Number of protein chains: 2
Amino acid sequence: MTISEVSKKYDISTDTLRYYERIGLLPHVPRTKSGLRDYDENSCKSVEFIKCMRNAGLPIEALIEYMTLFKEGDSTAEARMAILIEQREALISRIEEMKSTLSRLDRKIEMYKGICSPGCCGKK
Amino acid sequence: MTISEVSKKYDISTDTLRYYERIGLLPHVPRTKSGLRDYDENSCKSVEFIKCMRNAGLPIEALIEYMTLFKEGDSTAEARMAILIEQREALISRIEEMKSTLSRLDRKIEMYKGICSPGCCGKK
DNA sequence: TCTTGACATGGAGTTAACTCCATGTGATAA
DNA sequence: TTATCACATGGAGTTAACTCCATGTCAAGA
């Protein structure tokens, strides 16, 4: 797949895809004879994984660490798992925080509805 | 309350507190005769609200709009509510996204545990 | 052969949200 | 009265994560 196809498929700009590669987040993508990127299934999977993790707010730094260990082979499984566990914890607490903010927002919105309900909207 | 007390209480740097004020996010904080900030209950409530919303990822821009409308009085209630509803929607979808990433992480971690379980850690 | 269009690279620029800094002031402790 | 100290202000600098740009190459259509 060309870079623009991957860009469309995952809704990530080509600039960002190249950026991910040069900072070592996305493992080297295969090239055609003339040097163009030719994403294979592995590359696509990585892109998809990165997109998912980034959208959930995992920092690029942690993802680079993870991907780097990955390239280093099976012996790094332990360390990779540690990263995932750490990020999992962080994610859980962000979700909790967001949920409580959400219910606060809900209450606030209900209040606004209340203000506007019995009378203020005029009776005919 | 002095700025440093508020800073400790809400765990927000004094720089950030002043920053919020100058960008119009935090309504003007009362001052002492000599010009020092002297946070009253209202100011504190605003700080707490902002902190909560920011931690959940609401953009400063939206919060400024909200606060600005607030200052403009009751006639803006409708518009304020609209902002809250909009942000609520955004928050919900972020939470959903994060939850699905969380379960993906969970599965991945289970996989790592699996790899390491029956045998690889040596018997004895 | 010439032109066009997608892509490559290295490096600079942007955005959001702070964070830091230089300089100045008023209240208080020594 | 002098030295601190917390605080004030305006403006510059930082960080993460992109995004944009100038310049160059290559393959394919006119």
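Small disclaimer: the values here were computed from a predicted structure and weren't measured. We name chains A, B, ... by the order of the sequence lines, and we start the count at 1 in each one.
The CZ atom of A:Arg54 sits 10.0 Å away from atom OG1 of A:Thr16, with the distance rounded to the nearest 0.5 Å.
Atoms CD (B:Glu21) and P (D:dG10) sit 11 Å apart, rounded to a whole Å. Straight-line distance from the CZ atom of A:Arg31 to the P atom of D:dA27: 15 Å, rounded to whole Å. Distance B:Ile23 CD1 to D:dG10 C1': 15 Å, rounded to the nearest Å. In this structure, the CG atom of B:Leu63 is 12 Å from the C1' atom of C:dA17, given to the nearest Å. A:Met53 has its CE atom 15 Å from the P atom of D:dA17, to the nearest Å. Regarding A:Asp38, its CG atom lies at a distance of 14 Å from the C1' atom of C:dA6, rounded to whole Å. Between B:Leu17 atom CG and C:dC20 atom C1' the separation is 16 Å, expressed in whole Å. For the pair A:Leu25 CG and D:dA16 P, the interatomic distance rounds to 14 Å; values are reported in whole Å.
Between B:Glu110 and B:Lys113, at least one side-chain nitrogen of the basic residue sits less than 4.0 Å from a carboxylate oxygen of the acidic one, meeting the salt-bridge criterion. Checked for salt-bridge contact, B:Arg31 and B:Asp38 miss the test: no charged N lies under 4.0 Å from a carboxylate O.
Taking the nucleotide of DNA chain C with the nearest heavy atom to each of B:Ser34 and B:Arg54, the more 5' of the two is matched to B:Arg54.
Picking from D:dC21, C:dA8, C:dT19 the nucleotide with the shortest atom distance to the side chain of B:Thr16 gives C:dT19. The side chain of B:Thr2 lies closest to D:dC7 when the candidates are D:dC18, D:dC26, D:dC7. For B:Tyr19, the side-chain atoms get nearest to C:dT19 when compared with the rest of D:dC7, C:dC7, C:dT19. Out of C:dA17, D:dC26, D:dA17, the shortest distance to the side chain of B:Ile60 is found at C:dA17. Of the candidates D:dC18, C:dA8, C:dC18, C:dA8 carries the atom nearest the A:Ile3 side chain, counting heavy atoms from C-beta on. Taking only side-chain atoms of B:Ser4, from C-beta outward, the nucleotide of D:dC21, D:dC7, C:dT9 with the closest atom is D:dC7.
Between D:dA17 and A:Tyr20, no contact under 4.0 Å exists linking OP1 or OP2 to a side-chain N or O. For C:dC7, neither phosphate oxygen OP1 nor OP2 lies less than 4.0 angstrom from any side-chain nitrogen or oxygen of A:Thr14. Within the 4.0 Å cut-off from OP1 or OP2 of D:dA8, at least one side-chain nitrogen or oxygen of B:Arg37 is found. Considering only side-chain N and O atoms, A:Arg22 lies nowhere under 4.0 angstrom from the phosphate OP1 or OP2 of C:dG10.
Annotation: cation-pi geometry satisfied between B:Arg80 and B:Phe70 (NZ/CZ under 6.0 angstrom from ring centroid, within 45° of ring axis).
For B:Asp15 and C:dC18, a side-chain-to-base donor-acceptor distance below 3.5 Å is absent, hydrogens and geometry of angles not being considered.
For the pair A:Pro27 and A:Met67, the tightest heavy-atom approach, listed with the atom from each and the gap, is CD-CE, 4.4 Å.
Classified by interplanar angle (parallel below 30°, tilted 30° to 60°, perpendicular above 60°), the ring pair B:Phe49/B:Tyr66 is tilted.
Residue-level contact check: A:Arg18 touches the bases, meaning some heavy atom is under 4.0 Å from a base atom.
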